[in-house]
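One-based numbering, in listed order, for ligands and for the atoms of each.
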Amino acid sequence: TGKGLKDHYQDYFPIGVAVTPRHLQDSATRIFLLQHFNSLTAENAMKMEPIHPATDRYDWRGADAIVHFATENGLKVRGHTLCWHNQAPKWMFYDAAGKLVSKDTLLNRLRTHIHDVVGRYKGRIYAWDVVNEAVSDRHSEFLRNSLWYQICGEDFIAQAFRYAHEADPKAILFYNDYNTENPVKRDKVYRLLKKLREENVPVHAVGLQGHWSISDPSRALLVSAIEKYASLGIKIQITELDVSVFTNDKMPEKPDFTAEQKESQEHQYDMLFDTFRKYRDIITGVTFWNVSDRSSWLDNFPVKGRKNYPLLFDEKLQPKKAYWRVTDF
Ligand code: G3I
């Protein structure tokens, strides 16, 4: 199967990819994954609702399949995600009468969830996205006004990290978010992490999701975010990398993937990986979100009915020119 992306980066950091259990059932995809990647993230199987659909029921099948495949093949696994406002099961927040539960009840349920999930994979999942996307995108708000926040205030964040650390003291615990380079959000994420660290909360690293586009971020913004977070003495990973072919502000007239978009995407990937390599002592992993242009969460986003082509491999799992740009150094 020849040299793959992970081999080009073996002196820098692991190269990961988000997968579903279905990917692992196809032999061509399995061979492709093992050629290019040495770390896996479950795209959905380890989220709160899929893995813990009812208060007294877990569904371990998807997570077990991914962890089993990784362990069998010597791949690392990043756990995603223990506490999030999205795909959190309704039962977590309400009592039998349908009323919102108290802060203590919710924190006890969160603790049980985290101990059960982290405990099951202790020693096999080296890093967890403990809290995902808790900082608000709205200028007027510091933290997102989720049910977690409405019921617990900001304490749910510190507690989630403490529970995860209790369950697996060796796991590297991440705070994970998107748009982390945007100066306003960057400074809020920094403020949150600084406060947690000052309170001796076991947060060891920050995940920059990296859902970027051909027009953002600039190298300058990426560098300033890396430097700012690194100044807290924490490590950084790019946890959900893709480069949308649509710029954030304008939709191309043509429905398909134009030559101009291709060129811009190649340039953007080249800049990103050049920057990652320069910060190899701080960046401890780069994970792509979704496997190839065959299917991306960005298909139909931002425009319904429009495919996106955000990854390094095309719909036939073949390397695009951007792949050769990021492996030629
Ligand atoms: O599995 C159910 C299925 O049983 C049901 O029939 C179907 C229709 O309702 O929904 C299926 O669940 C969907 C799930 O993907 C699995 O396909 C959810 O509706 C859908 O919302 C979910 O979307 C995921 C999204 O997170 C929300 O969890 C995307 O696949 C996933 O790529 C996306 O990933 C997130 C990261 O976790 C966090 N960072 C942002 C990133 C992109 O949004």
**OP:** Mark yes or no: Arg277 above the aromatic ring of Phe329, with NZ or CZ under 6.0 Å from the six-membered ring centre and no more than 45 degrees from the axis.
**Re:** yes
Original post:
Between Asp168 and Trp128, does any side-chain donor sit less than 3.5 Å from a side-chain acceptor?
Top reply: no
Original post:
Is any NZ, NE, NH1 or NH2 atom of the basic residue among Arg111 and Glu166 found under 4.0 Å from an Asp or Glu carboxylate oxygen of the other?
Top reply: yes
Subject >> Identified side chain to side chain contact (heavy atoms under 4.5 Å, CB included) partner of Gln159 from the options Ile114, Leu107, Val201, Val131 >> reply: Leu107
Subject >> Shortest heavy-atom approach to atom 25 (C) of ligand 1 - which of Lys47, Arg22, His80, Glu49 >> reply: Lys47
**OP:** Pick whichever of Thr41, Thr81, Asn44 has a heavy atom sitting closest to atom 23 (O) of ligand 1.
**Re:** Asn44
Original post:
Which is it for Tyr178 and ligand 1 at heavy atoms under 4.0 Å: side chain, backbone, both or neither?
Top reply: neither
Subject >> Side chains of Arg22 and Gln25, donor plus acceptor under 3.5 Å >> reply: no
Original post:
Is it true that the side chains of Tyr121 and Asp64 contain a donor and an acceptor less than 3.5 Å apart?
Top reply: yes
Original post:
Is a side-chain donor-acceptor pair under 3.5 Å present for Arg78 with Thr239?
Top reply: no
Original post:
Hey, does Asn86 come in under 3.5 Å of ligand 1, counting only N/O atoms on both sides?
Top reply: no
**OP:** Provide the number and element of each atom of ligand 1 under 4.0 Å from a heavy atom of Trp289.
**Re:** 31 (C), 32 (O), 34 (O), 36 (C), 37 (O)
Subject >> Atom indices of ligand 1 within 4.0 angstrom of Gln87 heavy atoms, with elements >> reply: 22 (C), 27 (C), 28 (O)
Subject >> Straight-line distance of Asn176 CG to Gln209 CD, nearest 0.5 Å >> reply: 4.5 Å
Subject >> Test of proximity, Gln209 against ligand 1: N or O pairs below 3.5 Å >> reply: yes
Subject >> Polar atom proximity, Asn290 to ligand 1 (N or O, under 3.5 Å) >> reply: no
Original post:
Which ligand 1 atoms are under 4.0 Å away from a heavy-atom of Glu240?
Top reply: 36 (C), 38 (C), 39 (N), 40 (C), 41 (C)
**OP:** Would you mind running through ligand 1 and noting each atom that sits below 4.0 Å from a heavy atom of Glu133?
**Re:** 38 (C), 39 (N), 40 (C)
Original post:
If you count the atoms of ligand 1 from 1 in the order shown, which ones are under 4.0 Å from a heavy atom of His211?
Top reply: 40 (C), 41 (C)
